[in-house]
Amino acid sequence: MDPDFISKTAQIASILEVSGHPKPGNVHRTRDFPDMDVEEFLISGVVIGDTMKEAAHKGLKYGKKDSMDKIEIGKMIKEAVLETDKWIANNTNLGIIMLLTPLSAAAGMSTEINELQENVDRIMRETTPYDAANLYDAINIADAGGMGEQDDLDVGSDDAKKQLIDRNINMFDVLDLSAQWDMLAYELTRTMPITFGIGYPTFKGSKESNGINKATVQTFLTILAIYSDTLIARKYGVDIAQKVTEDANLIISEGGILTDKGFDMVHEFDKELVEKNLNPGTTADLTASSIMVALLDEYRDNF
């Protein structure tokens, strides 16, 4: 696929995700948070474009040569975080960058949408310890302890990066250590099953008859109704995260935002989550990756 097209899908997916209204518990077009607003997320979606294009070029160059370690996914993630940091003071998009960077590289080495999932997995498995070290840098630059604290190789440890390199632990391996409690780590080490198996088909199936905004919110709700958000779980505990998932599932059982009753329920759900300071941020990241895959699926219609 064309790198310019790929980078645009990454930017558009990021912007559509944050614009989705009312995406429960998150910043969206009619709701800011006290410490960040929708404009910051929109800016973040734009400024990652150059890095996503570079990742796609690297996928195109190295993917067919079985030298995928030269894509340097960790370095690309770090570069996108550094670029965002130039424009935005808050961590608005680390999770999105972690998902969309390997997607961009995989799309660069793919000619068909059905090649994407396998190519993401191949890229992740061929990462290096230097990719892992750069990912640690990116997490710390974004000031997001997203992996959770660990006894070994903790992202906040001063000597963790040296250990990664000395022990030859690549980015796939270090994410695999976190996969049990972090949805993004799970997604990137399990062939992105939520993005491809749930989010992408939901967005694609909802968009034609209901428009982009409702398709975005429906995708978010559908993911949340099946998978408890691990950001909420880390902050407030597994039981609370599970209760949020149960509430989302109840809304989906009524048709989600695509029905009149579900529409009202979504608005009330959004208010309730905000009042309780419950932010399903990881679900939002997975919504962005789902939208990007749906946009990539339109490649043949555009080129």
Side-chain angles (χ1 to χ4, degrees), residues 1 5-31 38 41-42 44-46 48 52 93 95-96 99-100 103-104 107 113-114 116-117 183-184 187 192-227 229 244-245 247-271 273 279-302:
M1 298 182 190
F5 174 82
I6 293 165
S7 67
K8 286 183 171 62
T9 65
Q11 291 171 297
I12 293 168
S14 300
I15 289 169
L16 291 181
E17 181 279 314
V18 73
S19 300
H21 163 252
K23 199 170 69 274
N26 285 268
V27 171
H28 52 70
R29 71 175 77 168
T30 65
R31 186 186 302 284
V38 68
F41 284 87
L42 295 173
S44 300
V46 172
I48 64 171
M52 298 303 121
N93 64 351
I96 287 175
L99 293 171
L100 270 51
L103 266 178
S104 295
I113 193 74
N114 59 12
L116 265 180
Q117 200 167 0
M183 290 171 73
L184 298 185
E187 189 77 349
M192 300 189 78
I194 302 172
T195 296
F196 284 91
I198 298 170
Y200 152 56
T202 299
F203 184 85
K204 183 179 179 181
S206 303
K207 177 186 171 187
E208 185 173 348
S209 299
N210 301 280
I212 290 173
N213 181 67
K214 285 187 176 181
T216 299
V217 177
Q218 188 74 355
T219 300
F220 175 90
L221 286 168
T222 301
I223 294 170
L224 186 59
I226 299 171
Y227 290 92
D229 191 277
V244 171
T245 284
D247 291 344
N249 187 56
L250 182 61
I251 296 171
I252 286 295
S253 71
E254 296 291 345
I257 199 169
L258 307 184
T259 66
D260 290 341
K261 182 175 182 179
F263 182 87
D264 292 338
M265 293 172 73
V266 172
H267 280 268
E268 289 303 313
F269 191 37
D270 181 33
K271 292 177 184 177
L273 292 185
N279 168 218
T282 309
T283 307
D285 297 335
L286 291 162
T287 301
S289 60
S290 301
I291 295 171
M292 181 174 175
V293 173
L295 295 173
L296 289 170
D297 193 21
E298 299 176 7
Y299 179 73
R300 290 197 173 277
D301 296 334
N302 290 278

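A heavy-atom distance below 4.5 Å is found between the side chains of Leu116 and Phe196. No side-chain heavy atom of Ile291 sits under 4.5 Å from any side-chain heavy atom of Thr219. Within the 4.5 Å cutoff, the side chain of Asn26 has no heavy atoms near those of the Arg31 side chain. Taking 4.5 Å as the limit, every side-chain heavy atom of Met192 sits out of range of all side-chain heavy atoms of Val293. The side-chain heavy atoms of Pro280 and Thr245, taken from C-beta on, include no pair separated by under 4.5 Å.
Residue Asp229 comes nearest to Asn279 through the heavy atom pair OD1-O, 4.0 Å, listed as atom of the first residue, atom of the second, then distance. Residues Leu250 and Ser253 approach most closely at O-OG, 2.5 Å, considering heavy atoms. Here the shortest heavy-atom pairing between Val266 and Pro24 reads CG1-CG, 4.0 Å. Nearest heavy-atom pair across Ala10 and Met52 is CB-CG, 3.7 Å. Taking all atoms of both residues into account, the shortest heavy-atom contact from Ile113 to Met1 is N-CE, 4.1 Å.
For Asp297, the side chain to side chain donor-acceptor pair (under 3.5 Å) partners are Tyr200, Lys204, not counting sequence neighbours. Partners of Asp285 under the side-chain contact (heavy atoms from CB on, under 4.5 Å) rule, at least two apart in sequence or in another chain, are Ile96, Leu99, Leu184. Partners of Ala215 under the side-chain contact (heavy atoms from CB on, under 4.5 Å) rule, at least two apart in sequence or in another chain, are Phe203, Ser206, Lys207. For the side chain to side chain donor-acceptor pair (under 3.5 Å) test, residues two or more places apart in sequence or in another chain that qualify with Glu187 are Thr195. For Glu268, the side-chain contact (heavy atoms from CB on, under 4.5 Å) test picks out Lys271, with sequence neighbours left out. Under the side-chain contact (heavy atoms from CB on, under 4.5 Å) criterion, Tyr227 pairs with Met183, Ile194, Ile198, sequence neighbours left out. Residues forming a ring-ring contact (aromatic ring centres under 6.0 Å, His included) with Phe269 (at least two apart in sequence, or on another chain): none. Partners of Ser209 according to the side chain to side chain donor-acceptor pair (under 3.5 Å) rule, which considers only residues two or more places apart in sequence or in another chain, do not exist here. In this structure, Thr222 has no side chain to side chain donor-acceptor pair (under 3.5 Å) partners at least two apart in sequence or on a different chain.
Sorted by first and then second residue, the salt bridge (Lys or Arg N to Asp or Glu O under 4.0 Å) pairs with a member in residues 7-17 read Asp4-Lys8, Glu17-Lys23; sequence neighbours excluded.
Atoms CE and CG, on Met292 and Leu100 in that order, are 5.0 Å from each other to the nearest 0.5 Å. Between Ile223 atom CD1 and Ile252 atom CD1 the span is 10.0 Å, to the nearest 0.5 Å. One distance of note links CD1 of Ile226 with CG of Leu221; it measures 11.0 Å at 0.5 Å rounding. To the nearest 0.5 angstrom, Ile251 atom CD1 is 10.5 Å from Asp264 atom CG. The distance from the OG atom of Ser290 to the CG atom of Leu103 is 9.0 Å, given to the nearest 0.5 Å.
A donor-acceptor pair is defined here as one N or O able to donate and one able to accept, closer than 3.5 Å; such a pair exists between the side chain of Thr259 and the backbone of Glu254.
For CG of Asn114, the number of neighbouring non-hydrogen atoms (other residues, nucleotides, ligands) closer than 6.0 Å is greater than 12.
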Given Asn93 and Ser14, is the side chain to side chain contact (heavy atoms under 4.5 Å, CB included) satisfied, shown in steps? CA-CA 8 Å; Asn93 64 351; Ser14 300; over 6 Å; no
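Side-chain N/O atoms of His21 and Ser19 include no donor and acceptor closer than 3.5 Å.
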